[in-house]
Undergrad: 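To start, I am sharing the structure in question, which I have written as structure tokens.
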Amino acid sequence: MSDPQVVVVGHPLVKHKLTLMRRKETTTAEFRALLTEISMLLTYEATRDMKLRDEPIETPIGPTTGSVLEGKKVVVIAILRAGLGILEGMIQLIPSARVGHIGIYRNPETLEPVEYYFRVPGNLQDRDVLICDPMLATGNSAVAAVERIKKLGPASIKFVCLLGCPEGIKNFHGAHPDVPIYTGAIDERLNDHGYIVPGLGDAGDRLFGTK
Ligand code: URA
């Protein structure tokens, strides 16, 4: 895939943990812990361009100038419900992040997104937003979520997922070519039921043990 707006985080730790997550024997507890760990690695890459400012400090040995994050707090927005799994890792890494939730489910017949919940921090202007959902499958929910957030005028938007597929990426960047995608891997394809192949199954069910 030669889309410059897609960053595949191919770190060996991501590949290893993703393989453990894909295995059907992996328990809910293991899946949850792995998703949190991988999310931190994805967030590490997705926040590489965060702005810093100098800050004079005193260490026990003497004065120096350190670097601290500049500007308003980052906003992390989870697409319910599986996005909560990525959110967990993100806020462990960026504890001061503000958090929003978007509830969107796919109509099982049409695979189109239906919004049932929307609550995000006020004043998104001047804030960088990371929208997260583990599976970029059809891309319909992600497209709808980004559309909603764009209307609130944030400084920037990035989309962070665990797995994507060519169909979802094409749909997403067809609608939002300006929004970079950070993903752990790009799988082969989407099946007729809107699942990523080989994928890992239903991320929400595996995360919450609801199957
Ligand atoms: N949502 C999931 O949880 N898994 C898929 O493979 C596709 C969408």
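When a ligand or atom number is given, it counts from 1 through the structure's own listing order. Only heavy atoms go into these numbers, but all of them, side chains included; no hydrogens, no water, no symmetry mates.
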Undergrad: Please work out, at 4.0 Å between heavy atoms, whether the side chain, the backbone, both, or neither of Ala137 comes within that distance of ligand 1.
TA: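 Under 4.0 Å from ligand 1, Ala137 contributes side-chain atoms alone.
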
Undergrad: Are Tyr182 and Phe159, when compared by the centres of their aromatic rings, separated by less than 6.0 Å?
TA: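 Ring centres of Phe159 and Tyr182 not closer than 6.0 Å.
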
Undergrad: Any N or O of Gly201 that comes nearer than 3.5 Å to an N or O of ligand 1?
TA: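 N/O-N/O distance below 3.5 Å exists for this pair.
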
Undergrad: Is the terminal nitrogen or CZ of Arg81 (NZ for Lys, CZ for Arg) located under 6.0 angstrom from the six-membered ring centre of Phe208 and within 45° of that ring's axis?
TA: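 Not flagged: Arg81 not positioned over aromatic ring of Phe208.
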
Undergrad: For Leu162 and Ile86, which heavy atoms make the closest approach, and how far apart are they?
TA: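 Here Leu162 and Ile86 meet closest at N-CD1, 4.1 Å.
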
Undergrad: Number the atoms of ligand 1 from 1 as they appear, then name those within less than 4.0 Å of a heavy atom of Gly194, with their elements.
TA: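 It comes down to these atoms of ligand 1: 7 (C), 8 (C).
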
Undergrad: In terms of atom number and element, which parts of ligand 1 are under 4.0 angstrom from non-hydrogen atoms of Met135?
TA: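 In order of numbering, the contacting atoms are 1 (N), 2 (C), 3 (O), 4 (N), 5 (C), 6 (O), 8 (C).
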
Undergrad: Answer yes or no: is there an ion pair linking Lys150 with Asp178, defined by an N-O contact shorter than 4.0 Å?
TA: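 Salt bridge present between Lys150 and Asp178.
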
Undergrad: Any idea which heavy atoms bring Leu200 and Phe31 closest together, and the distance?
TA: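 Taking every non-hydrogen atom into account, CD1-CZ, 4.0 Å.
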
Undergrad: Of all the atoms in ligand 1, which lie at a distance below 4.0 Å from a heavy atom belonging to Ala203?
TA: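 Listed by number with element: 2 (C), 3 (O).
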
